[in-house]
Amino acid sequence: MSISVKDASIFYGDFKAVEDVTMSIKPKSVTAFIGPSGCGKSTFLRTLNRMHEVIPGAYVEGKISIAGQDIYGSGVDPVAVRRKVGMVFQRPNPFPTMSIYDNVLAGNRLNSKRIKKAEADEIVEDALRGANLWNEVKDRLGKPGMGLSGGQQQRLCIARAIAVQPEVLLMDEPCSALDPISTAAIEDLIHELKSDYTIVIVTHNMQQAARVSDETGFFNLKAAGQPGHLVEFNPTKQMFTNPDNPDTEAYISGRFG
Amino acid sequence: MTDIDLSAQETELSHATLPRGAQWLVAIAAAALGGLSLVLGAGIVGAVAVGGLAFVLGYPLWALLVENRRSATDKLVTGLVWTAFGVAVIPLIWLIYMVVARGTAAISPEFLTYSMRSVTGDEQGGLYHALMGTLIVTGIAALISIPIGIMTAIYLIEYGKGSRLAKAITFLVDVMTGIPSIVAGLFAFALFTLVVGPGTRFGFGGGVALSLLMIPTVVRSTEEMLKLVPDDLREAAYALGVPKWRTITKMVLPTAVGGIVTGVVLSISRVIGETAPLLVASGFNPNMNTNALEDSPMMTVPVFIYTQLSEATAKGVEYAWGGALVLFVLVMALNLIARIVGTIFAPKTGR
């Protein structure tokens, strides 16, 4: 599903966090957002599945549509949006009360969907294989999810997100709490997931953006206290070799504030 | 370079130290001093005070002479902290000892299965009626307080964050925590005097009075437990397309259940020994009464202890100790249950 954003501004109460973002994200591709801390890229990511509404007083102006449907239209249920647009967070957050098996099925179980045991087994295996975790955990599916290593927990969270079969997967700095080997595993996974899902990833690691993404958006602040804005949105190759904007070049080459 | 045996001499990093076992030497000296003052007629309390003081001051003083100021301060403060610990714990152990030692004399199968119906003089009576009454009244209080308390806490943490209503509720809960228990009893008594009729004393009234005392502790402890559930987990559930109410019932509550149950059980054991509100609201009754809704008084263990003690007979005092032991065992059992439940439901780390 393609995502198109037009003149989106994001507010926390009176504070304008992000201003006038316009972009269109291609289906079944990886789009990376880069930029300095506090420039609003995570905030923007969270508006794509209406997660920012969890914070009281947050709202969006402008238009964000997924597959042609305005997700902020009247009568749109944020719960329905989030079933289509999954999310993986910065820190791995498996449910501590649940086993590995139940964690993968959490999306179904928490919604009290009745599924047969055989079907549930299949969902779990598919999701864990999809997240490249099956071989490591197939013998201990009943063990608590918290017992896995950080990298495995993060892949478990990805398995949990894809088990509900979303169309879009948002990743908010999914590797920032992981070691290089786990990071490589997740990046490989992103490459594989690209064939089935539209992936949007926020990262602080520019090499990572260059490695995994097809298109890149650079967010920046004009000054401290000012809202963040989208400076440039281009194919990743062009972004890292011949950016349109001198600020982008300065940021990417490390000559930045 | 020649090898130097550093341990043999003083360097910048070392200093003279007290001999090993110095604290035992001081302790023996202090005990001797205490013994001496006992012989001189200071009494047991005075002797313990003299001995304790001698140790707490003598040990750092010696350290000050041999070692340095910091070491002396360390020993002084350590001594003071241990003294404070002892002062806090000794009455507790003493209390437990007294209740067990005096209470066991009264405990017998008859004591646990008889009521005080038409018991006069030296006839055998018991607290069965009071035990049942306590269980019924506390059960009613729990039935009222647990749902109200937990739901209030869920509102405060999950829905009302920062809203004016939530702030008002938090304030009222704080005020409720400070209600003197007899006022809660008077409230229940006055309420049922208006609703049922003048002078109504019955089990349900006692339950209502206790629930007034219990609700704030349930709210507080549940609130703390819900706060401990990380927002990350809530967001993870939302991101899976789980509605808020399901996130709360299926994820937040199960994650916090161990702590919530512990808090609830502790709040029960907190109100189970309340006397004043039950004196007022459910009254005295030497007879068995298991109907909490009938307009007749219901006896409870704390009130049993109070009445037996006010008889001021040898048998009354014995029964009061027996009642105290029963109450004590009840509270200990509840605390034990709270511990066990807490560990059973605690989120598993798998390591």
Side-chain angles (χ1 to χ4, degrees), chain A residues 46 48-57 77-100 102-113 140 142-149 153 156-157 160-166 169-172, chain B residues 150 154-170 222 224-263 341-351:
Chain A
R46 290 163 66 92
L48 298 180
N49 68 345
R50 298 187 63 165
M51 276 299 288
H52 76 298
E53 287 172 19
V54 172
I55 296 155
D77 182 1
V79 170
V81 172
R82 290 176 202 145
R83 284 182 192 164
K84 289 274 173 218
V85 187
M87 188 159 190
V88 176
F89 297 85
Q90 185 168 358
R91 270 183 303 165
N93 53 1
F95 296 122
T97 50
M98 297 182 193
S99 65
I100 295 172
D102 289 337
N103 256 292
V104 178
L105 279 181
N108 295 309
R109 287 271 164 87
L110 292 177
N111 279 316
S112 288
K113 259 188 217 152
R140 46 170 173 157
K143 293 270 164 62
M146 295 295 278
L148 299 172
S149 76
Q153 284 186 20
L156 179 63
C157 293
R160 181 176 68 188
I162 60 182
V164 293
Q165 296 176 317
L169 206 52
L170 307 178
M171 297 186 167
D172 189 356
Chain B
I150 291 181
I154 289 174
Y155 171 76
L156 290 175
I157 297 296
E158 303 289 340
Y159 291 96
K161 243 179 198 170
S163 76
R164 212 170 272 174
L165 180 60
K167 274 178 197 151
I169 291 173
T170 308
T222 309
E224 292 308 317
M225 288 305 132
L226 294 179
K227 271 186 205 159
L228 287 182
V229 177
D231 276 339
D232 288 9
L233 295 180
R234 294 191 179 87
E235 295 196 344
Y238 296 151
L240 291 169
V242 181
K244 188 164 185 169
W245 70 274
R246 275 192 193 282
T247 304
I248 294 167
T249 54
K250 298 223 156 177
M251 200 282 295
V252 177
L253 288 179
T255 306
V257 73
I260 294 175
V261 173
T262 308
V341 167
T343 42
I344 289 174
F345 286 114
K348 290 150 193 75
T349 57
R351 288 186 196 187

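Just so it is clear: chains get the letters A, B, ... in the order the sequence lines come, proteins before strands, and each one is counted from 1.
For A:K84, the NZ atom sits in a loose shell: 12 or fewer heavy atoms of surrounding residues, nucleotides or ligands are nearer than 6.0 Å.
Ranked by heavy-atom pairs under 4.5 Å with chain B, the first of A:R50, A:M87, A:M51 is A:M51. Contact tally against chain A (heavy-atom pairs below 4.5 Å) for B:D231, B:V242, B:V229: the top residue is B:V242. Counting heavy-atom pairs closer than 4.5 Å to chain B, the top residue among A:R91, A:R109, A:R140 is A:R91.
Checked by atom type and distance alone, the side chain of A:Q90 never pairs as donor or acceptor with a backbone atom of A:D172 at under 3.5 Å.
Both the backbone and the side chain of A:R160 come within contact range of chain B, with heavy atoms under 4.5 Å apart. Looking at A:V85, only its backbone comes within 4.5 Å of chain B, counting heavy atoms on both sides. For A:P94, the part lying under 4.5 angstrom from a heavy atom of chain B is the backbone only. With a 4.5 Å cut-off on non-hydrogen atoms, A:F89 touches chain B through its side chain but not through its backbone.
Across A:L169 and A:A161, no two heavy atoms sit closer than the pair CD1-CB, 3.8 Å.
Distance CG/B:L253 to CD1/B:I154: 4.5 Å, rounded to 0.5 Å. Put simply, OG on B:S163 and CD1 on B:I169 are 7.5 Å apart, with the number rounded to the nearest 0.5 Å. In this structure, CZ on B:R246 lies 8.5 Å from CG on A:L110, to the nearest 0.5 angstrom.
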